[in-house]
Amino acid sequence: MNNKTFAIIKPDAIKNNYTGLIFDRILKNGFSVLSAKLLKMTKKQAMGFYFIHRNKPFYDELTTFMSSGPCMVLALEKENAVENWRKIIGSTNPEEAKDGTIRKDFANSLSENAVHGSDSDENAEKEIAFFFSNSEVIGNQ
Ligand code: CMP
């Protein structure tokens, strides 16, 4: 069954002009793009999005970075979308990411790690709803 995941092409990847190359991986790996937006998060928005990490020591660094420049937010669809997207992006730490993964090829560090991916179907729905209204997502019309 097809389901959804939520992805972000993060500010480092946009700045390094990897947007097209990452988009190519999304499409070549069989994901359908249900919605996409280029935006610059405010610090407050980044803090809201990553609220789950509010007690982590890297929360301030992460939210400052995520609001430092434009990023692209995406709603993606595929069979086992959450698991498949996480496989393609690789480990959170690019130094541990396998060859051929997006983070191995395009990420700089643990905090500037090129892309985000939801960790569960439930969080994917929440994260999509954080950035997109219902009618902005293909299939909901
Ligand atoms: P992401 O998939 O966007 O989800 C949470 C983010 O926190 C993660 O990617 C990393 O970019 C970031 N992160 C996780 N652990 C650390 C850490 N130890 N130091 C800095 N950033 C981190």
Side-chain angles (χ1 to χ4, degrees), residues 1-140:
M1 194 194 102
N2 273 357
N3 48 21
K4 293 173 193 159
T5 193
F6 174 76
I8 306 179
I9 302 177
K10 294 189 179 185
D12 59 313
I14 300 272
K15 202 168 152 191
N16 292 325
N17 287 326
Y18 292 144
T19 311
L21 293 169
I22 294 172
F23 232 93
D24 195 49
R25 302 251 179 135
I26 292 170
L27 299 176
K28 287 215 171 101
N29 281 285
F31 288 88
S32 300
V33 178
L34 301 183
S35 209
K37 237 185 239 185
L38 185 70
L39 53 86
K40 186 171 182 291
M41 282 187 222
T42 60
K43 171 86 172 169
K44 205 172 159 189
Q45 225 177 349
M47 288 170 77
F49 181 74
Y50 283 113
F51 189 68
I52 197 167
H53 296 304
R54 66 194 175 284
N55 294 322
K56 304 265 173 65
F58 56 83
Y59 184 58
D60 186 57
E61 180 191 341
L62 173 65
T63 53
T64 296
F65 165 64
M66 289 302 290
S67 56
S68 69
C71 67
M72 184 172 279
V73 294
L74 301 133
L76 304 176
E77 185 179 62
K78 195 188 169 171
E79 202 173 339
N80 297 321
V82 167
E83 190 189 333
N84 275 314
W85 178 241
R86 287 176 79 81
K87 204 180 287 173
I88 289 159
I89 68 180
S91 298
T92 308
N93 185 347
E95 282 177 19
E96 291 163 14
K98 288 190 184 145
D99 285 351
T101 60
I102 291 175
R103 283 172 171 155
K104 175 76 177 187
D105 293 342
F106 304 121
N108 299 319
S109 66
L110 192 49
S111 55
E112 303 196 7
N113 64 351
V115 283
H116 166 80
S118 307
D119 61 6
S120 67
D121 287 355
E122 194 192 345
N123 281 339
E125 291 295 337
K126 282 188 198 158
E127 291 174 359
I128 289 169
F130 189 91
F131 286 104
F132 299 105
S133 67
N134 204 44
S135 64
E136 284 177 324
V137 180
I138 299 295
N140 290 341

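Values in this document were obtained by computation on a predicted structure and should not be read as measured data. When a ligand or atom number is given, it counts from 1 through the structure's own listing order. Residue indices begin at 1 and follow the sequence shown.
- Ring geometry for Phe49 against Phe131 counts as tilted: the plane angle lies between 30° and 60°, on a 0 to 90° scale.
- Under the 4.0 angstrom criterion for non-hydrogen atoms, Arg86 is not in contact with ligand 1.
- When non-hydrogen atoms are compared, ligand 1 lies under 4.0 Å from neither the backbone nor the side chain of Ile8.
- The heavy atom nearest to atom 8 (C) of ligand 1, out of those in Thr92, Ile52, Ile89, is found in Thr92.
- Set against the non-hydrogen atoms of His53, the atoms of ligand 1 under 4.0 Å away are 5 (C).
- Proximity of Met41 to Ile8: side-chain heavy atoms (C-beta onward) are separated by under 4.5 Å at one or more points.
- Considering only heavy atoms from C-beta on, Leu27 comes within 4.5 Å of Val33 through its side chain.
- For Glu61, no nitrogen or oxygen atom sits less than 3.5 Å from a nitrogen or oxygen atom of ligand 1, counting backbone and side chain alike.
- Ring geometry for Phe106 against Tyr18 counts as tilted: the plane angle lies between 30° and 60°, on a 0 to 90° scale.
- Here the protein heavy atom with the shortest distance to atom 18 (N) of ligand 1 is Leu110 CD2, 3.3 Å.
- The closest side-chain donor-acceptor pair between Ser67 and Lys43, if any, does not fall under 3.5 angstrom.
- Looking only at protein heavy atoms, the nearest one to atom 19 (N) of ligand 1 is Phe58 CB, 3.5 Å.
- Closest to atom 4 (O) of ligand 1, if we only count protein heavy atoms, is Tyr50 CE2, 3.7 Å.
- Taking the six-membered ring where the residue is Trp, Phe58 and His53 present tilted rings, their angle falling between 30° and 60°.
- Within the structure, the closest approach of Lys10 to ligand 1 falls below 4.0 Å when heavy atoms are considered.
- Counting heavy atoms under 4.0 Å from ligand 1, residue Leu62 touches it through the side chain alone.
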Check your understanding: After noting the C-alpha distance and the side-chain angles of Arg25 and Phe31, does the key distance pass the side-chain contact (heavy atoms from CB on, under 4.5 Å) rule?
Key -> CA-CA 9 Å; Arg25 302 251 179 135; Phe31 288 88; over 6 Å; no

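- Distances shorter than 4.0 angstrom do not occur between any heavy atom of Phe65 and any atom of ligand 1.
- Heavy atoms of other residues, nucleotides or ligands lying less than 6.0 angstrom from CD1 of Ile52 number 12 at most.
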